[in-house]
Q: 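Below is the structure I would like to discuss, written out as structure tokens.
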There are 2 protein chains.
Amino acid sequence: MSRASDRAYEMIRDMILSGDLPSGAKIGEEALAEHCGVSRTPIREALSRLEAEFLIRRSDTQRSFVADWSLEDVEETFELRGLLESRAARRAAKRISWSQLARIKTHHAAIGEAIDAEMPDTQQFVEHNDLFHGVILEASASAQLTTMLARIIERPIVHRTARNYSFDDLKRSHRQHGELIAAFEQHDPAWAEAVMISHIRRAFHAYANAHIDQRIPDVSQAAE
Amino acid sequence: MSRASDRAYEMIRDMILSGDLPSGAKIGEEALAEHCGVSRTPIREALSRLEAEFLIRRSDTQRSFVADWSLEDVEETFELRGLLESRAARRAAKRISWSQLARIKTHHAAIGEAIDAEMPDTQQFVEHNDLFHGVILEASASAQLTTMLARIIERPIVHRTARNYSFDDLKRSHRQHGELIAAFEQHDPAWAEAVMISHIRRAFHAYANAHIDQRIPDVSQAAE
DNA sequence: TGACAGCCTAATGTATACAATGCCGATCGG
DNA sequence: CCGATCGGCATTGTATACATTAGGCTGTCA
């Protein structure tokens with residue numbers, strides 16, 4: 001990630017995720033270029049990627065804006081993610097290797113440690129949660145599924161989900177991971193798929209409950 | 001969108017689909033720029049889009065090659081498409097309006113005419129087949145599903161498809177469309193979803209049978 | 001006073017020059 | 001003769017200047 005366009009991509013993405021760039025804000029290439037300390041060329045490349053990931057949207061005349069997410073959009077995202085990730089789990093159950101299973105158990109254990117502590121270690125939870133799901137994607141052996149999911153997971157909602165988890169949510173998530181492992185050990189596609197659907201569904205409701213009567217992405221009360 | 005990069009995109013895509021650029025061929029930006037009569041800037045943009053649509057693959061050092069599609073890759077594509085399009089059908093069944101239903105019936109009738117003729121009118125078949133599926137996507141009311149599917153389905157691929165369809169294939173496709181309409185009229189999500197899965201699945205096997213003991217020549221042979 | 005038109009500004013699209021980086025071959029040493 | 005390393009060459013990454021186009025502002029006319 002040493003290329004300028006990659007750095008620009010991460011900077012802009014972080015600005016959106018952190019709320020520095022509020023929903024609906026207009027994005028000028030020139031301004032971003034100056035802010036990121038690069039020229040417009042890598043900025044344009046970064047914007048393309050962000051558009052593909054639905055973090056920004058473009059007007060009919062190619063002006064860029066930070067995407068604003070309605071609750072319906074959020075539910076759509078979770079629906080799509082559940083669809084793709086459950087299919088990945090199904091494929092993974094058929095193909096997962098012994099070493100992949102071993103790795104997934106390692107991450108499972110790490111997550112267990114993270115939430116067994118007095119104060120749950122969210123950092124460690126998120127990190128190994130990503131790795132856990134990453135192994136499933138790898139085992140699914142579908143480059144296309146992997147690519148499509150990668151574009152969804154970068155989304156703000158997915159990113160913020162873990163923060164909204166209660167302690168019970170974290171434990172339930174961990175238990176579902178355990179059940180996924182059992183399904184993988186049995187090489188049972190239907191089981192793995194069902195658990196994954198449930199897993200993602202739960203994540204959605206955790207999110208929805210946390211934002212029950214709020215307008216969704218207004219993290220940024222302080223507009224510049 | 002911009003004119004030069006769009007033209008470049010279409011030109012390169014057509015070269016790939018027509019086989020002028022064979023699978024695995026190396027793609028140089030400079031060479032393409034000269035061939036398309038534009039500079040490298042729009043070429044790079046076109047290559048990004050083509051990569052997102054899996055028509056181009058990039059090496060670890062960003063060299064571009066025409067993607068080579070194994071039979072497994074093709075099946076993956078059909079699997080993904082079936083997954084997304086059946087979900088679109090399910091959503092559409094719940095939401096489709098009377099006027100959308102009317103439009104879909106119009107296209108259904110047009111397809112019927114196209115294949116009832118002495119010589120099937122593939123042009124008309126493909127056109128209204130696109131519109132038929134387009135209405136379903138519209139009725140699904142999911143921008144994200146729509147966008148993702150747009151990246152999977154390349155129109156020229158669909159167009160090429162009709163040529164590989166036997167007369168019976170065309171008639172079966174038409175009958176399945178009729179069943180989809182029935183499911184929509186009943187607003188029966190499960191029914192619509194099931195028919196769509198079957199619809200896409202059958203298309204895959206039509207493809208597989210047509211290429212049963214051939215090395216996959218290129219993407220343009222993919223069937224719907 | 002309101003609406004339309006034309007210019008002006010600002011933003012995006014494209015071209016080109018330059019920088020950095022990977023690839024390949026040639027040459028030298030074992 | 002084989003392998004490794006170094007250097008030139010080809011290709012991609014970035015910057016910048018220029019072209020084009022959208023959108024706003026203002027002035028004028030009804």
Side-chain angles (χ1 to χ4, degrees), chain A residues 1-16 20-68 143 147 150-151 154 223-224, chain B residues 1-16 20-68 147 150-151:
Chain A
M1 284 278 190
S2 55
R3 267 151 61 239
S5 62
D6 287 333
R7 278 185 293 122
Y9 164 79
E10 292 196 350
M11 286 181 74
I12 301 170
R13 192 198 56 182
D14 290 346
M15 284 195 287
I16 295 175
D20 287 352
L21 286 173
S23 291
K26 189 181 180 315
I27 295 179
E29 295 176 358
E30 192 74 44
L32 279 180
E34 191 172 352
H35 186 277
C36 297
V38 296
S39 77
R40 274 179 53 217
T41 310
I43 294 289
R44 287 172 64 81
E45 208 169 302
L47 289 180
S48 294
R49 289 172 62 183
L50 291 164
E51 187 194 9
E53 291 165 3
F54 292 88
L55 265 74
I56 73 170
R57 106 171 199 272
R58 281 174 136 121
S59 75
D60 51 353
T61 58
Q62 292 299 99
R63 261 78 175 170
S64 303
F65 300 87
V66 178
D68 53 336
T147 305
R151 290 185 191 137
E154 285 303 325
E224 39 166 350
Chain B
M1 213 180 232
S2 55
R3 210 173 77 258
S5 63
D6 279 342
R7 272 179 20 235
Y9 164 78
E10 292 194 353
M11 286 181 75
I12 300 169
R13 189 195 55 184
D14 289 347
M15 284 195 287
I16 295 175
D20 287 354
L21 286 172
S23 289
K26 188 182 181 316
I27 295 179
E29 294 176 357
E30 192 70 45
L32 278 180
E34 191 172 353
H35 186 278
C36 297
V38 296
S39 76
R40 274 178 53 216
T41 310
I43 294 289
R44 286 171 65 81
E45 207 169 304
L47 289 180
S48 294
R49 289 172 62 183
L50 290 164
E51 188 194 8
E53 291 164 2
F54 293 92
L55 265 71
I56 279 179
R57 182 195 115 232
R58 280 176 134 121
S59 76
D60 50 355
T61 57
Q62 292 299 100
R63 261 74 176 171
S64 303
F65 301 86
V66 178
D68 51 337
T147 305
R151 291 194 190 123

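Order of the sequence lines sets the chain letters (A, B, ...), proteins ahead of strands, with each chain counted from 1.
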Q: Do A:Thr147 and A:Arg151 make a side-chain contact, defined as non-hydrogen atoms from C-beta onward lying under 4.5 Å apart?
A: yes
Q: Quick check on B:Glu34: does its CD atom have over 12 non-hydrogen neighbours (other residues, nucleotides or ligands) under 6.0 Å away?
A: no
Q: Go through it in stages, so that I can follow the logic: the residues are A:Leu32 and A:Leu47, the test is side chain to side chain contact (heavy atoms under 4.5 Å, CB included), and I'd like the CA-CA distance, side-chain angles, deciding distance and then a yes or no.
A: CA-CA 10 Å; A:Leu32 279 180; A:Leu47 289 180; 4.1 Å; yes
Q: Does a side-chain N or O from B:Ser5 land closer than 4.0 Å to OP1 or OP2 of C:dG13, or not?
A: no
Q: With a 4.5 Å heavy-atom cut-off, do A:Arg13 and A:Arg49 have their side chains touching?
A: no
Q: Please report the distance, rounded to the nearest Å, between CG in A:Asp60 and P in C:dG13.
A: 12 Å
Q: Report the distance from atom OG of A:Ser64 to atom CZ of A:Arg44, rounding to the nearest 0.5 Å.
A: 9.0 Å
Q: Nearest 0.5 Å, please: how far is CD1 in B:Ile12 from CG in B:Leu50?
A: 6.0 Å
Q: For D:dT14 and A:Thr41 - does any side-chain N or O of the residue sit under 4.0 Å from the phosphate oxygens OP1/OP2?
A: no
Q: CD of B:Gln62 to CZ of A:Arg3: how many Å apart, nearest 0.5 Å?
A: 4.5 Å
Q: CZ of B:Arg3 versus C1' of D:dA22: gap in Å, rounded?
A: 16 Å
Q: Rounded to whole Å, please give me the gap between CD in B:Glu45 and P in C:dT14.
A: 7 Å
Q: Whole angstrom is fine here: how far is it from CD1 in A:Ile43 over to C1' in C:dT14?
A: 18 Å
Q: In whole angstrom, what separates A:Tyr9's OH from D:dG13's P?
A: 17 Å
Q: May I have the distance from A:Leu47 (atom CG) to C:dA11 (atom C1'), rounded to whole angstrom?
A: 13 Å
Q: How many angstroms lie between OG in B:Ser23 and CZ in B:Arg57, if you round to the nearest 0.5 Å?
A: 10.5 Å
Q: To the nearest 0.5 angstrom, please state how far the CG atom of B:Leu55 sits from the CE atom of B:Met15.
A: 12.0 Å
Q: Given axes from five pairs at either end, by how many degrees does the helix from C:dT1-D:dA30 to C:dG30-D:dC1 bend, rounded to 10°?
A: 10°
Q: What string of B, S and - do you get for nucleotides 6-12 of chain D 5' to 3' if you count protein non-hydrogen atoms under 4.0 Å?
A: -----SB
